[in-house]
Amino acid sequence: MRSSKFAPVSAALLAGTMLSGMPAMAQTAPEPAATPAAPATGQAATPAPAPTPAPAPTPATRRARTATPATAPATGAAQTAAPAAQASAPAPVRLIKTLRVEGSQRIEPETVLSYTKLRVGIPYTAETLDQALKDLQASDLFVDFSIAGVETGDIVLRVRENPIINRVILEGNKALKSDKITKEIKLAPRQIFTRTAVRQDVSRIIELYRRQGRFAAVISPKMVSLDQNRVDVVFEITEGPKSKVRQINIIGNALFSDSKLRGEMVTKESRWFRLLSSNTSYDQDRLNYDQQKLRQFYLTEGYADFRVTSAVAELTPDKRDFIITYVVEEGKRYKFGDVTVDSEIRDFDNKKLAASLPVKKGDWYNAKLVETSIDQLSEAAGLFGYAFTDVQPDYNRDAETLTMGMNFHIAQAQRTYVERIDINGNTQTQDKVVRREIRLAEGDAFNSFQVKRSQDRINSLGFFQDKMEIKQVPGSSPDRIILDTTLEEKSTGELQLSVGYSSLERFIIQANITQNNFRGKGQVLRAGVNYSTYSKSVELGFTEPYLFDKNVAIGVDVFRRDYNSFNYIGTQRQTTYSQVSTGFQVRAGVPLTEYWSLAGRYGLSYDEVGLDEATYFTDGACDPLKAGRYLCEAIGNRWTSSVGYSLIYDSLNSRLRPTAGQRFSFSQDFAGLGGDVKYIRTRVEGSKFVNVGSGFIGSLVGEAGYIHSLEGSRGPGVDRIRITDRFYLGEPQFRGFDIRGVGPRVQRQAYTVDTTTGKQILVTDRNQLVDDALGGRAYYLARAELEIPLGAGARELGLRPSIYVQAGSLWGLTRPLPTANFPTITDANGNTTVLPIQRLLVDSSGRQLYQVPSDAATGAGTYTTCAIGYSATLGGTCAGSSTNAISYQASISPFKETYYGSSPTPRVSIGIGVNWTSPFGPLRIDLAKALVTQKGDDPKLVTFNVGTQF
């Protein structure tokens, strides 16, 4: 339907973008310039003076002329021929006899007339009628209008109403969604169509695209006529490419290079490596901001007279790129002069305040240090209870000595008290959960430090959007203040799916579900399931942070962990020992001060450690030649009853994403309060976070531990700490190494024959080694990490990359004894060959068995405990004279065991990691390279995990 009406009407709409309700212009043919126009009144007896040129006809007069009777041109001719003497004759007065409206459909005739000043009985002239047409035009209600009956006084206003909009259609928009454009434009279905509104909406859409940096966007409005005076309005959009910043030129800079100054700007030149950045597109607001950034940079370097004299952005002819040019004047460099503080508050010592400021006489002038000094003085006043302190810096510029004297004036202020604390926006979280984190109470003296601390504690809850601020609002009197806490809640449930890949364990999947704000009371409820080929676990936990609304936290955990250790034999994975732990732990914690807290715990668990009997047992007992002496020593069932405590210092500004502060903890666990295991495990952990500027966050994290046995010796070559109680080091704590990839281990190498020389050699292929991690009694691990800020585009995607270096070690284990000593022989050439071990065949009582010869009269080919003769029962009386052969089990192939890794020498890795808040949850990817290793370590290059929130 649109195709039949689209072209002619569209052309009319496009042409109409220069008109506003003036279609009658097309009806009037142009008149000769030398011929004066006949006035709309049709007064033939009043000719215009011949020497005076006629003014250009206005749109309104043209419309009036269109409605003039056919006699009007003849009257105009008579006017031209009339004698000049008649010009002085008085014009007759015309009155409006009748007044009516024709053509209105939706609009009442009275409403149409109300837009004009025409009324029955009043005189009218050409100017009166022209003004009436202008008034109708200004109403924006009519697409066509004219006046008839000018000669007779029976005035008729003929109008054609603007159509009603049926639909507003957007075509060709991809970069901007239709709903975003629809919010900005004014045209809508069931509204009256006007060309003015179309032009305005075209301008609005173009502005939307320019905000996105698409200056080549073209908007073509079209109109499709429908029945019943309705139209569809179509905006055909050609978006065009984003207009990038091709080049940034800086003129007038002699002290700093162009690249240095460009680095200070937010706007960046378009380059391939900035593919994800949104700062390469042109933005006028960003251009203004960059001028401020340039000024800030020069002011921090001491150039107090710096100014940007001009900033010009030129659009290339193809409208694809901008070239930005700045013209700057750097000026002279200043130093700080005398620095003083003038305080009207009597509690302050001006000299001590001035000495504590970062601004020092003789240093290069730095505007940032001035701002820091103002903040420092305001915070100092806030510590004394002055909430609304006015600190004003006075500058004393000396152009001759190039110094900038500073005087900080602190105006008189009243000590302030907290009138009330308002909490808004917490729809799920109960008020008391927020209020108990606020360090001030209503009626307390105001303290800016406590406000900042309260803000950090609320942010650390993790229940609300980041960067929540407590606003300070004046109260009912000058000495009262209201603390306004406006919150925006976020998802507090977490569903985490961690996926890892190990060269040993292949894929590892962990699923944990946690609700950190259960029932809106700040309670923590969690459940976790971990699964891989060789490990499985289920854990449930609950924590009440404020028991009976007292500042005492209590929690309980219940768990069952099924872990199967494994190794490689050839290219096949093989389970070594299995450990099944079932138990619970009860936790409690109390704060000692604002930053120090004490936590206690009690745990009880039952461990079942065993080996695969079909693989590692011989005659019902663990066989060291098959499993290794160290694994046979680990098997057994035992109870562990332990009590422990942790002393914690925490001044981090956020427990989720800290950017400042530090944390330290000292923990000890004592096992032996009943049960079968006795030891003391000690651990120390510490971390420090620093905002190093420009969005970079630096952190230092370290931990160490030692476990001391309270049991006696368990035999030579046997460590007193069982294998299941030791420390292990590797992924995920130590990036760059596999799970349990660092520390003491035993590697078993089989012997093979070199096909070239025929000599016996050891297998060196790592995939064919038997590698058992044994753990250790002592370890340490340290990490230095720097989080790198990205552009706005990458931040919008949730990308937070970081680089880091780690160092650590695990050691302190008693060296295990060799599992076996294999016999050797040496040939005439001096080549030594390691022989397999031939093991005697014994019965269940350990008695050696013999095989009766096949030609014996009795018991031929059977096994007996008799060396000579035969007994029908094992261990019975021997009868007969046959000499029986010694029987052997299958021989044990020779191997060599090597003990590695029990050294405090640090292992070092370096890597880069990226946290990505992806659409399907938070994702962490690490690429880490082990730089320093010890023989036997197991490096790993890539790890990743993923989760989501609800």
Does any donor atom in the side chain of [X] or [Y] lie under 3.5 Å from an acceptor atom in the other side chain?
X	Y	value
Asp431	Asn426	yes
Thr659	Asn653	yes
Asn516	Thr492	no
Asn253	Asp258	yes
Asp390	Gln392	yes
Ser476	Glu419	yes
Ser665	Ser667	no
Gln668	Thr682	yes
Gln662	Ser651	no
Tyr780	Glu703	no
Thr340	Asn407	yes
Thr372	Asp375	no
Asp342	Asn350	no
Ser646	Arg601	yes

Would you check if the side chain of [X] reaches a backbone N or O of [Y] as a donor-acceptor pair within less than 3.5 Å?
X	Y	result
Ser448	Glu379	yes
Lys268	Arg262	yes
Asp283	Arg286	yes
Gln806	Ile910	no
Asn459	Gln455	yes
Gln430	Lys521	no
Asp290	Val266	yes
Glu442	Arg420	no
Thr416	Gln414	yes
Gln515	Asn517	yes

Derivation of the ring-ring contact (aromatic ring centres under 6.0 Å, His included) call for Tyr365 and Tyr303: CA-CA 7 Å; Tyr365 173 77; Tyr303 297 91; over 10 Å; no
Take Thr429 and Glu489, measure what side chain to side chain donor-acceptor pair (under 3.5 Å) needs, and give me the verdict at the end. CA-CA 8 Å; Thr429 306; Glu489 291 190 313; 2.6 Å; yes
So, are [X] and [Y] salt-bridged, with charged N and O less than 4.0 Å apart?
X	Y	result
Lys471	Glu469	no
Asp285	Arg211	no
Lys361	Asp338	yes

Nearest heavy atoms of Ile324 and Leu287, plus distance in Å: CG2-CD1, 3.6 Å
Taking atom CZ as the centre, does Phe666 end up with more than 12 heavy-atom neighbours from other residues, nucleotides or ligands that are less than 6.0 angstrom away? yes
Sorted by first residue and then second, give each salt bridge (Lys or Arg N to Asp or Glu O under 4.0 Å) pair with at least one member in residues 587-599; sequence neighbours left out. Arg439-Glu594, Arg453-Glu594, Arg457-Glu594, Asp557-Arg587
How far apart are the C-alpha atoms of Leu786 and Tyr804, what are their side-chain angles, what is the distance that settles it, and do they pass the side-chain contact (heavy atoms from CB on, under 4.5 Å) test? CA-CA 6 Å; Leu786 182 66; Tyr804 52 84; over 6 Å; no
Test Phe306 against every option in Tyr298, Tyr334, Tyr326 by the ring-ring contact (aromatic ring centres under 6.0 Å, His included) rule and name the one that passes.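 Passing option: Tyr298.
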Between Phe256 and Phe297, is the ring centre distance below 6.0 Å?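 Centroid distance Phe256-Phe297: below 6.0 Å, so yes.
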